[in-house]
Amino acid sequence: MANDDSGSTLPNVTAPRPIQKRKREPGPARLPSNKSVRTSIPNAYARRSPPRNGNRPQGENEQRRTSKPRSPSPSRSRSRSRSPVRQLKRPGAGARVAREQAETARRQREDAERANLASRQVTAAELVAEHYNAVPERGREWRRTDSQIKGLRNLNNWIKSTLIQKFSRPDIAPVDGLKVLDMACGKGGDLGKWKKAPTAPALYVGCDIADVSIEQARDRYAENIRRSAGRGGRGGGRGGYGRHDRSPPMEAHFFVQDTFGKPLSNIPIVQQVGFNPNTGPGNGFIGGGMRTGGFDVVSMMFALHYSFESETLARGMLKNVAGALKKGGRFIGVMPDSDVISATVKRLLQAESAGQTPGEESGGKSVKHGNGEADGGQAEQKADEDWDPEKPAETNGDAAEDDWDPEKSSDPQTTNGMTDAHEDDDWNPEQPSEGPPPMSADATPLANTSNGTSATPAQSDPTPAREGALTWGNSIYRISFPHAQPLTRKPLPRDGIFRPPYGWKYHYSLEEAVNAPEFVVPWEGFRSLAEDYGLELLYRKGFRQVFEDESEDPLLGQLAERMGVMSRDRSAGRGGLMVSEEEMEAAAFYHAFCFYKV
Ligand SMILES: C[S@@+](CC[C@H](N)C(=O)[O-])C[C@H]1O[C@@H](n2cnc3c(N)ncnc32)[C@H](O)[C@@H]1O
């Protein structure tokens, strides 16, 4: 999967289904014409969408209506009586038979399509699982000392913590405690962040498609419980997760589960908490949240983009999110920002048609595309490594994961400097965080952008562009889009608007972390789809903006210091920022969001 941009995993739901040609019927019985049937189809998505809840897309209903024998109205009878009866009767009966056969054939084709789609989804899901299962667990020590992207890891962790802090406030927590569902929880790296939520969860349910990751998450949790018991409950009665020493341990359950392609209602504990299978469009209403039951928060960190492979998966994901949330519950997450992608694709395509060489359009020399021309003489040492599917890859999830180590003492006396700064599980606002910020020599101040996102071209570019690909990035991350989607042959949009919003595959690689295909999540399309499932937007910010705004908050600012994002010494580096500009550029590819369940 890591090197698969052949599009072979793209289910054919992304390809418009050919409209079936039907036999002409003679005389008046021929109405409505095929043309009117075609124009009655509301949009391209409706044609591609498999029927949900037994409802067929409008166009198909139209087709079915035309094939149904009509009860003759008086006026129709009159008009028939003026027509030669024998000419109408025989072709009418024949046409009916033909229609029935055509209808049967169409249904069979649809069934086959659905079966094919289902099996291909499984394949795609399996490939994702395979990729993440293959990710080595390098350990906290490696991340702390050897990782070249410590600053980025810390920033990602802090942003996830910030979302958790902001949107799991006591006002949404019921008396029996907060219930959290982590969809695509990876190795359970966010368990420690939940411990520091304003209301520590009473129940955490983590699901992921990668079984090895789920095993690691279970081990992580069990180890923490064990150590906490060994310490006599010190460090938080909730198995070391709680902030209140006498609170009962946080109960956690982990499941191997495809959270986009399969309903979560098949998990007993999810059923027990409450799952509403009727959310989303269907029968003309949007199913609301449950008045009682349901999770208080659903979290989806660095994973939602996998669901935008197809409309079916995206809807499946939202159905699960909305179905699991209680009324008033929150859906939080982080994912790639399509505004950054759109702006960069548009700019690079314009530069390309203006005949500019890569980088010229931006005054820089780092963005390139096409046939892998050398870029400003930058070193190309990493070359094909970034495209090697065999190359062991660590996940972004790992980069994004907490560096929680149950072995580590939470005693502030035993922690210091960078070590302590990397221990956000043992967050202690009193503990100073010091250490030289990992600045690059040419680091520049943070750029202010209108929406907090940045399409800043990279500062350096040691990796080669792929043949026929539009590529940008810097020495730690790289995005690569094929000029045309392999399966659909759809070219990259010159206006930067991805329509339809599903199936736009690109390749993403991050130093030490990810090397895998992903899918664009066009923001507006996603937002309006989310509304269909009763999810209203509360918060959306690019990572740069999250940092600039939220680090002003006294508590979150302290947390940034504790997590190695900021130094207490504001004269160090760029106002104390411990994230290099290249890391910040990589981070600016993402944005954070929170929705509210109505
Ligand atoms: C980048 S990792 C993020 C892990 C974790 N949320 C974090 O922030 O550390 C992406 C995760 O999404 C999971 N994933 C991808 N597709 C999935 C699906 N259909 N169902 C469940 N998990 C999925 C992967 O297995 C992987 O663990």
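Note that ligands are numbered from 1 as they come in the structure, with each ligand's atoms numbered from 1 the same way.
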Which one holds for [X] and ligand 1: side chain close, backbone close, both close, or neither close, with close meaning a heavy atom under 4.0 Å?
{"X": "Gln257", "answer": "backbone"}
{"X": "Phe302", "answer": "both"}
{"X": "Ala184", "answer": "both"}

**Message:** Is it the case that ligand 1 has an N or O less than 3.5 angstrom from some N or O of Thr259?
**Reply:**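 Yes - when backbone and side-chain N and O of Thr259 are compared with those of ligand 1, one distance drops under 3.5 Å.
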**Prompt:** Are any of the N/O atoms in Lys160 less than 3.5 Å from those in ligand 1?
**Reply:** yes
**Request:** Could you check which of Asp208, Asn156, Val334 puts a non-hydrogen atom nearest to atom 11 (C) of ligand 1?
**Result:** Asp208
**Request:** Pick, from Ile209, Asp258, Ile214, Leu304, the option with the minimum heavy-atom distance to atom 17 (C) of ligand 1.
**Result:** Ile209
Which of the atoms of ligand 1 are close to [X], meaning less than 4.0 Å from one of its heavy atoms?
{"X": "Ala303", "value": "12 (O)"}
{"X": "Gly186", "value": "4 (C), 27 (O)"}
{"X": "Phe260", "value": "16 (N), 17 (C), 18 (C), 19 (N)"}

**Request:** Please say which of Phe260, Phe498, Tyr502 ends up in a ring-ring contact (aromatic ring centres under 6.0 Å, His included) with Phe308.
**Result:** Tyr502
**Test ring-ring contact (aromatic ring centres under 6.0 Å, His included) applied to Phe481 and Trp504, Tyr506, Phe519, the passing residue** = Tyr506
Please round to the nearest 0.5 Å and tell me the distance separating atom [atom1] of [X] and atom [atom2] of [Y].
{"X": "Lys541", "Y": "Cys594", "atom1": "NZ", "atom2": "SG", "value": "12.0 Å"}
{"X": "Arg527", "Y": "Asp532", "atom1": "CZ", "atom2": "CG", "value": "13.0 Å"}
{"X": "Gln272", "Y": "Ile269", "atom1": "CD", "atom2": "CD1", "value": "4.5 Å"}
{"X": "Trp158", "Y": "Leu556", "atom1": "CH2", "atom2": "CG", "value": "6.0 Å"}

**Request:** Please verify whether a non-hydrogen atom of Cys185 lies at under 4.0 Å from ligand 1.
**Result:**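 Yes; Cys185 lies near enough to ligand 1 that a heavy-atom distance drops under 4.0 Å.
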**Prompt:** Does Met317 reach ligand 1, in the sense of a heavy atom lying below 4.0 Å from it?
**Reply:** no
**Message:** Looking only at the aromatic ring of each residue, does the gap between the centers of Phe331 and Phe593 stay below 6.0 angstrom?
**Reply:**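 Distance test on ring centres: under 6.0 Å, yes.
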**Request:** Please work out which of the three classes, parallel, tilted or perpendicular, describes the rings of Phe302 and Tyr590, given edges at 30° and 60°.
**Result:** perpendicular
